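Structure record follows, encoded as structure tokens.
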Amino acid sequence: MKKLRIGVFMGGKNVEREVSFNSGRTICDHLDTQRFEVTPIFQAQNGFLYILPWRFLHRGKISDFVQRLPFEAQQISWEELKALVDFLYLAVHGRYAEDGTLQGFLEVLGIPYLGTKVFASALVMDKIIQRDFLQINNLDVAKAIAVLVREIKNFDKYKPEILQKIADAKINFPVIVKPHKEGSSIGITVLFDKSGLQDALEKACYANEGKAQPVLIEEKIEGMEFTCIILTNTQTGEPFALPITEIVPEEGSHFFNYEQKYMPGRATKITPARCADEQTTLIQETCIKAMQILGIKTIARIDGFLTPANKVILMDPNTLTGMSPSTFIFRQAAEIGWTHTKLINHLIEEDLKNYKLDNKLDKNIKEKTMNTPKIRIAILLGGNSNEKEISLESGRNIVYKISPEKYQTLPIFLNNKMELYAIPQKLLVRNSTKEIESGLEPEMKIEWSDLQKMSDFVFIALHGGYGENGCIQGALEMLELPYNGSSVFASSLCMDKYKTTQFLRHRGFDVPNNLLISLNEWTINKNDTVKKISAAIQGPKIVKPHDDGCSVMVQKANNDIELEKYIQTIFDNGKDHALVEECITGMELTVGVIGNDNPIALPPSQAISAGGILSIEEKFLPGAGENQTPAPISRPATMLVRHTMQEIYKAVGCKGYVRIDCFYQDALTSPTGKERVVIIEINTLPGMTPATCIFHQAAEMDIKPMDFIDVIISLGFEEHQIKNPLISQKESVKDLFNRLNLNNKDQINI
């Protein structure tokens with residue numbers, strides 16, 4: 001039988017398109033390619049449809065590629081979409097996606113799709129009307145009033161009336177002010193008194209990029225916040241609830257906002273929730289009833305609160321849920337032993353049955369045999385550095401992206417004491433290292449020496465601290481285990497930004513003018529130290545730790561007051577040195593390099609920051625920050641940058657892969673009057689998160705993430721020259737480079 005053609009519909013016309021793009025990427029990564037032929041379908045903000053080139057799929061933000069779609073992607077019509085797919089997996093959220101609009105069009109076109117149909121989609125999207133249907137059926141919702149657009153536009157006139165409606169509804173402050181048709185916590189404000197009411201109403205009213213909408217003011221509920229995913233039993237057609245998740249917003253935030261939902265490691269999400277069995281059952285039964293009342297099909301996510309009085313208050317039913325790698329649905333499914341792929345298969349199979357298309361699915365396809373010899377890869381993640389949450393994201397992504405045909409993966413979590421634990425899927429999918437640590441069991445613990453028996457290769461997905469400063473590398477050298485990345489020396493050198501710039505300056509490379517300030521020097525005389533710095537480094541200065549990454553504690557000081565404040569912050573956070581360097585102007589670039597003795601620099605990416613310094617949110621929060629790959633510089637400038645990166649790689653003795661951050665200055669920008677490349681830092685274990693820029697750069701050379709990871713592992717085996725009985729059955733590094741045509745890609749068309 002032919003594979004069923006699944007279109008994954010992502011993007012969209014609304015403010016949640018970045019979240020949708022994140023969901024769509026995850027679905028494409030985990031769809032069962034033995035059963036399905038996958039086609040990513042991207043809807044741009046203007047409504048145009050494109051078959052998304054896979055090289056754009058792992059970008060961090062839509063603006064990284066959207067301007068290239070008309071020239072590099074195939075645009076299709078809605079009628080052509082019908083001919084391309086047998087079934088459409090909806091990975092979209094918000095307006096024009098969950099509100100019946102898309103569903104209605106697909107019904108007209110006769111395209112089968114995932115999830116709830118037209119009326120229920122429109123009903124559930126309207127936070128005002130859905131409340132009536134729930135209350136009619138004796139389900140509890142928060143007290144609330146609706147404020148119309150005309151009342152918000154003429155606030156001074158209607159203010160007494162709005163306040164009276166709040167009083168009549170017996171709603172006390174604090175209150176939640178939110179749009180009536182948005183998700184992802186967009187446009188929400190918590191108000192503790194009426195003084196900020198107008199601003200909050202306007203924020204919610206115009207949350208959808210200036211398009212006015214009514215607003216809901218509702219009481220702020222106290223209690224255990226939860227989210228409950230409900231699926232449908234494919235055999236019986238009956239709904240069943242997964243183990244619920246308890247949400248604990250960050251202290252002082254007052255509600256579960258966008259950043260806490262999508263930024264790695266933010267907030268606390270506990271699955272299963274910390275409540276009694278009878279309370280769990282009450283929540284699940286209430287949510288199933290809500291799903292049935294509202295007419296939601298196949299999948300639902302119901303958010304709410306369990307009050308101290310043991311009452312379930314429903315807040316926000318959803319017909320589609322976010323599907324980033326560690327989102328609620330995957331975490332809850334992991335509690336019953338389901339992988340990402342098994343969950344996605346289940347959802348598709350349920351709707352294929354509803355459309356009577358399940359006869360098109362080849363029932364005889366089995367999972368590939370586990371008896372085939374595979375290389376055992378231990379993947380180290382977590383750790384005790386300031387970058388441990390990003391390490392979790394990187395390690396999890398390696399587990400999910402690595403070739404299942406070649407490798408058997410073993411996720412190894414390192415706790416704050418750098419102890420090793422072999423963790424199952426239900427822990428791997430958790431939101432933060434703190435949550436994983438809370439679920440560790442004694443029987444999961446292993447010794448370092450156990451790695452020799454359990455693995456053929458160790459993939460270090462750690463960032464910062466012991467993972468990147470030569471310590472873990474030293475441990476693995478002692479155990480005679482091959483690993484990814486650079487040696488003990490190169491790792492420890494590059495982890496120290498000050499020593500690295502000294503070394504590179506001596507070798508003739510351009511680096512910023514800088515000073516390393518010790519805690520002892522700072523403690524003796526702050527004023528003299530500030531004067532010394534200002535005399536040595538003119539203009540704005542960058543203050544940062546000399547041994548951390550991911551933009552941790554990096555600040556731009558524009559004057560001596562800020563300089564003193566930012567240095568003190570570094571020492572207050574337990575560091576014994578602070579690095580102060582000149583603020584370089586020009587185009588900020590980041591460049592991946594791969595190889596051992598003959599490295600190849602990837603196409604540079606331009607890193608665009610809103611505030612002058614790239615923040616951790618701009619690096620890892622969906623929709624924040626921007627990377628343009630390839631960078632918008634001339635071909636000769638590109639070749640200069642790439643050549644410089646390759647020479648630095650060889651000078652330092654890096655191996656496997658790195659990411660080098662730098663600035664390109666043309667002759668007009670450079671204080672020397674000549675174009676130059678100024679090196680900022682070398683990352684020997686760059687982030688490997690789902691949308692990291694090194695994947696963007698590899699994609700421009702036609703290398704998919706799975707192949708890129710394969711290259712890294714192969715380079716590790718080559719560098720360590722440790723014979724593995726399975727390697728002879730696999731490709732050599734030379735074979736792999738030839739297959740990917742890497743040997744001929746020192747030049748790239750820009």
Side-chain angles (χ1 to χ4, degrees), residues 386 464 469 492-590 607 609 611-615 641 644-645 647-648 651-652 660-683:
N386 288 325
N469 69 1
S492 56
L493 172 63
C494 293
M495 194 63 199
D496 189 318
K497 297 178 177 67
Y498 181 68
K499 287 187 173 66
T500 303
T501 54
Q502 284 185 310
F503 175 80
L504 293 176
R505 185 183 290 113
H506 179 71
R507 287 295 185 98
F509 296 102
D510 290 304
V511 296
N513 185 19
N514 59 19
L515 288 173
L516 188 66
I517 308 302
S518 70
L519 176 59
N520 184 57
E521 177 184 7
W522 184 253
T523 304
I524 291 171
N525 198 321
K526 294 181 185 179
N527 291 334
D528 284 353
T529 305
V530 169
K531 289 177 183 177
K532 181 181 84 169
I533 295 169
S534 296
I537 303 173
Q538 305 300 313
K541 302 160 188 66
I542 303 299
V543 182
K544 58 187 178 184
H546 77 299
D547 59 355
D548 252 321
C550 289
S551 300
V552 173
M553 290 184 279
V554 179
Q555 297 284 355
K556 180 180 178 180
N558 294 296
N559 52 56
D560 287 354
I561 295 174
E562 291 181 349
L563 179 62
E564 180 177 341
K565 175 184 175 183
Y566 298 149
I567 293 175
Q568 188 62 53
T569 298
I570 289 175
F571 292 135
D572 288 345
N573 279 273
K575 296 291 184 180
D576 53 14
H577 287 86
L579 182 61
V580 182
E581 64 185 23
E582 66 174 313
C583 182
I584 302 295
T585 57
M587 182 179 290
E588 186 172 0
L589 302 174
T590 186
S609 62
I613 295 177
L614 207 61
S615 68
V641 170
T644 304
M645 299 305 108
E647 292 305 305
I648 286 172
V652 174
I660 304 176
D661 300 335
C662 63
F663 278 83
Y664 168 74
Q665 295 180 327
D666 59 22
L668 294 175
T669 307
S670 171
T672 67
K674 298 179 181 179
E675 71 171 344
R676 63 176 189 158
V677 181
V678 183
I679 308 305
I680 302 300
E681 62 181 78
I682 304 172
N683 300 274

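Because the structure is a prediction, the values reported are computed rather than measured.
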Item to check | Taking every non-hydrogen atom, the tightest pair across Ile533 and Leu563 | outcome: CG2-CD2, 3.9 Å

Checklist entry - So, does Lys541 use its side chain to make a donor-acceptor pair with the main chain of Gly539 at under 3.5 Å? => result yes

Checklist entry - Hey, is Glu581 close enough to Lys497 for a salt bridge, meaning N to O under 4.0 Å? => result no

Item to check | Val554 and Ile542: CA distance, side-chain angles, deciding distance, side-chain contact (heavy atoms from CB on, under 4.5 Å) verdict | outcome: CA-CA 7 Å; Val554 179; Ile542 303 299; 3.9 Å; yes

Next on the checklist: Would you compute the distance between atom CZ of Arg507 and atom CG of Leu504 and round it to the nearest 0.5 angstrom?
Outcome noted: 9.0 Å

Item to check | Heavy-atom side-chain contact between Glu681 and Thr500 under 4.5 Å | outcome: no

Item to check | Results of side chain to side chain contact (heavy atoms under 4.5 Å, CB included) for Glu647 - residues two or more places apart only | outcome: Phe509, His643, Lys650

Checklist entry - Any idea which heavy atoms bring Lys556 and Glu562 closest together, and the distance? => result O-OE1, 3.7 Å

Next on the checklist: To the nearest 0.5 Å, what is the distance between CD1 on Ile584 and OG1 on Thr669?
Outcome noted: 11.5 Å

Item to check | Separation of Phe663 CZ from Cys583 SG (nearest 0.5 Å) | outcome: 6.5 Å

Item to check | Residues Lys565, Gln555; criterion side chain to side chain donor-acceptor pair (under 3.5 Å); working and verdict | outcome: CA-CA 10 Å; Lys565 175 184 175 183; Gln555 297 284 355; over 6 Å; no

Checklist entry - How many angstroms lie between atom CZ of Arg676 and atom OH of Tyr664, to the nearest 0.5 angstrom? => result 12.0 Å

Checklist outcome for this item: Looking only at heavy atoms, the pair that brings Cys662 and Met645 closest together is SG-CE, 3.9 Å

Item to check | Shortest non-hydrogen contact between Thr569 and Met553, atoms and distance | outcome: O-SD, 4.2 Å

Checklist entry - Does the pair Leu516 and Asn514 meet the rule for a side-chain contact (heavy atoms from CB on, under 4.5 Å), with working shown? => result CA-CA 7 Å; Leu516 188 66; Asn514 59 19; over 6 Å; no

Item to check | Inter-residue atom distance Ser518.OG - His546.NE2, 0.5 Å rounding | outcome: 11.0 Å

Next on the checklist: I want to check something: taking the side chain as every heavy atom from C-beta on, are Lys575 and Asp547 in contact at a cut-off of under 4.5 Å?
Outcome noted: yes

Next on the checklist: Could you check whether any side-chain heavy atom of Asp576 comes within less than 4.5 Å of a side-chain heavy atom of Trp522, counting everything from C-beta outward?
Outcome noted: no

Next on the checklist: Restricting to non-hydrogen atoms, name the atom on Pro512 and the atom on Ile680 that form the minimum distance, rounded to 0.1 Å.
Outcome noted: CG-CD1, 3.7 Å

Checklist outcome for this item: For Ile537 and Val580, the nearest pair of non-hydrogen atoms, with its separation, is CD1-O, 3.5 Å

Checklist entry - Got a second to check how far Asn386's CG is from Asp548's CG, nearest 0.5 Å? => result 4.5 Å

Item to check | CA sep, side-chain torsions, deciding dist, call: Thr585, Gln665, side-chain contact (heavy atoms from CB on, under 4.5 Å) | outcome: CA-CA 7 Å; Thr585 57; Gln665 295 180 327; 3.9 Å; yes

